[in-house]
Amino acid sequence: MRWTRNLIPTMKESPEGAEIPSHVLMLRAGLVNQVMAGAYTYLPLGLRSLRKAERIVREEMDAAGAVELLMPAITPLSLWEQTGRVEAFGDVLIQFTVRRQNRKVPMALGPTHEEVITDLVAHFISSYRQMPITLYQIQTKFRNEERPRFGVLRTSEFLMKDAYSFNTSVASLDESYDAMYRAYCRIFDRCGLTYLPVEAESGPIGGDASCEFMIPADNGEDTVAHCPDCGYAANLERAEIGTRDCAPPDVKLEAVKKVATPAAGSIAQVTAMLGCKAESMIKTLIYMADGQPIAVLLRGDREANEGKIRRAAGAERLELAEPDVIQRVTGAPVGFAGPVGMAEKIPLWADRDLLAMRNCVTGANEADMHVTGVNLGRDFNVPEDHFGDLRNATSGDPCPRCSSRLTLRHAIEVGHVFKLGTKYSEALSARFLDAEEQLHPIIMGCYGIGINRILAGLIETCHDASGIIWPVALAPYEVLLVPMKVTDEPTMKVADDLYARLRQAGIDVLMDDRDARAGVKFNDADLIGIPLRVVIGPRGLKEGKLEIKWRWESGAEMIDLETAVEQIADLIAEERAEATRFRARQAAEA
RNA sequence: CGGGGCGUGGCGCAGUCUGGCUAGCGCGCCUGCUUUGGGAGCAGGAAGUCGGAGGUUCAAAUCCUCUCGCCCCGACCA
């Protein structure tokens, strides 16, 4: 492809509104253009990278034995009603009706396709002999995001690979799941991504085992807890905290004292007013567990983890209590609850941190009052089996698997594999007959990859001050030919010849045939990040040489014109296969 | 949905508080000459309903009301 025949609108300045590197660079390099909040046009360069990511995903899915099909983006609303997901998705589901003659047909744009695929399978799979099978598609998904942001990282329309496995047993599901897990590792490896498989909540979609593939990045929306020593990694919602020595400090127990704290209902207000530390406060949260109020005690500076609390309490549903419930239960408005005397009213649960606390400050269960000098065991008690890990991990917490400590990192989620079970097969009657002529619901697994996020995640973690640094696998073009002087006939003759022969050798070549100054071309070359830059100029040609330079290296190298095509083809072939040079650069960065 | 910010040629911005001549600047674009290995110089030129509607005023980019859009933080979320 010749630059002058393409549409590559590079920009020197970054449009206002773009803040994170991947967004800025995708705009500046002319990869995408925003159409509205959460919707982007992929320009020629961006589309080529997107297609390359898509192709890698497709190849590895095929290699893992999955079978491709394509489901529609428009779906009948009735399908979503059958599984109760009209309510579950809420406004995220894009619904509309179309008029057909004298009736109205309610539809939804697919935010994911469990319903459609399960309905399909219910029609065509009825025997254990037809399984296991894994079906997948690469399709545009639609989610009315409350707040689209970060360029193509969170949009209302995005390209997703979604796969679904159908199995007759849990053991078989495990095999399908493992095959997908391994395929995901190969996909992200091939894309040159540095990623982390992390334990995750399966979320409202249901299921029991779940793993997210995360790209550690400062601008990621998710938080993962990671142990650099043993490799334990989990989504913050899921991350366990190792037990540590809970021995309380050997200090003299103070007497309980009631103090006035007018209008100070938050930890921050109380610490400011009383001059105490959040670490010495007991935060008392009133939750409704399946409709029954419970009190949860946490150290003042900790965040509650509702998933952990819900599991500890053995509840199906858990939500913070409404103000009127809190008033009734504690006898005080929101912000003044405390554990003293609470056990007589409602069940108490406590985070293990409480065991190490002495002389605490906490709510007095009375408006505008707190108490100090409160001590576990003397002033209130929590049943032994009601202590547990109920909070979010923080950096420096003990690793649950080894003796090291957890670090918290932001990350971008690019993939998710999880075991679905029979939620959808039961709702949509996808059943099979086993060898004993018994009817069972099909056991499902579900596996997604955000294709757009592969690109954004790569750019987010792989760029420098000048622009994007693509690995060969995802680069829109593998080689950029830069003739230094397009008006010079000998130069252009060599350039045209190289261009034709490299293309013949099966290499994706872009030739910057613009009549522009060297600086302009070099800067754009760095910005769009093509891995191998080949400079053809009168200066080198005099010696029968060309200059080649990898985007991620600072120095260039002169090669003989005679053997240039073979040399370049060999280099690209090597990088395609192993990405050795690209990886070495990344390792050096880290 | 709560809080904050921004809408002025294709892009980035100044001007708005304190209303007043023909709405400026940089980049980009077009023409010509010179230049030519890391974002060239000179000269000339095209291009703007100042997001939209209504109002106040002799006069509105500027003040008032409403409205639309975009971005950030939070809440929410496959």
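Each chain gets a letter, A, B and so on, in the order its sequence line appears, and its residues count up from 1. Everything numeric in this text was worked out from a predicted model, so none of it was measured.
The side chain of A/Arg147 contributes an N or O atom lying less than 4.0 Å from OP1 or OP2 of B/C73. OP1 or OP2 of B/A40 has at least one side-chain nitrogen or oxygen of A/Arg517 nearer than 4.0 Å.
Nucleic acid contact for A/Arg533: base, since at least one base atom lies under 4.0 Å from a heavy atom of the residue. Using a 4.0 Å heavy-atom criterion, one finds that A/Val535 contacts the bases of the nucleic acid, with or without backbone contacts as well. A/Met160 comes within contact range of no nucleotide atom at all, as no heavy-atom separation falls under 4.0 Å. As judged by a 4.0 angstrom heavy-atom cut-off over every strand, A/Glu237 is placed among residues making no nucleic acid contact. Note on A/Glu145: nothing from the nucleic acid sits closer than 4.0 angstrom, heavy atoms only. Within 4.0 Å of A/Phe158, counting heavy atoms only, lies no atom of the nucleic acid at all. Using a 4.0 Å heavy-atom cutoff across all strands shown, A/Ser14 reaches sugar-phosphate atoms only and no base atom. Base engagement by A/Val520 is indicated by at least one non-hydrogen atom pair under 4.0 Å involving a base atom. Using a 4.0 Å heavy-atom cutoff across all strands shown, A/Gly448 reaches no nucleic acid atom at all.
Relative to the six-membered ring of A/Phe522, A/Arg533 meets both conditions, a distance below 6.0 Å and an angle of at most 45° to the axis.
When the nearest nucleotides of RNA chain B are assigned to A/Phe522 and A/Ala37 by heavy-atom distance, the more 5′-ward of the two goes with A/Phe522.
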Exercise. Would A/Phe166 and A/Ser176 count as a side-chain contact (heavy atoms from CB on, under 4.5 Å) if you check the C-alpha gap in whole Å, the side-chain angles of each, and the deciding distance to 0.1 Å?
Worked result: CA-CA 8 Å; A/Phe166 300 89; A/Ser176 295; over 6 Å; no
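One C1' atom belongs to B/U16, the other to B/A23, and the distance between them is 12 Å to the nearest Å. If you take atom C1' in B/A14 and the same atom in B/C30, they sit 26 Å apart, rounded to whole Å. One P atom belongs to B/A61, the other to B/C77, and the distance between them is 46 Å to the nearest Å. Distance noted for atom P between B/C6 and B/U49: 23 Å (whole Å). The separation of B/G4 from B/G48, taken at their P atoms, amounts to 36 Å, rounded to a whole angstrom.
Pair assignment for B/U16: none, as no Watson-Crick or G-U wobble contacts are both less than 3.5 Å.
The side chain of A/Glu13 lies closest to B/G26 when the candidates are B/C73, B/G38, B/G26. In the set B/C71, B/C27, B/G37, B/C27 carries the atom at the smallest distance from any side-chain atom of A/Lys12. Considering only the side chain of A/Asp524, B/G39 comes nearest among B/G74, B/C11, B/G39.
Side chain A/Glu16 to base B/G7: no donor-acceptor pair is found below 3.5 Å.
Side chain of A/Gln34 to main chain of A/Met36: a donor-acceptor pair is present (N/O by atom type, distance under 3.5 Å, no hydrogens or angles).
A heavy-atom distance below 4.5 Å is found between the side chains of A/Met61 and A/Met180.
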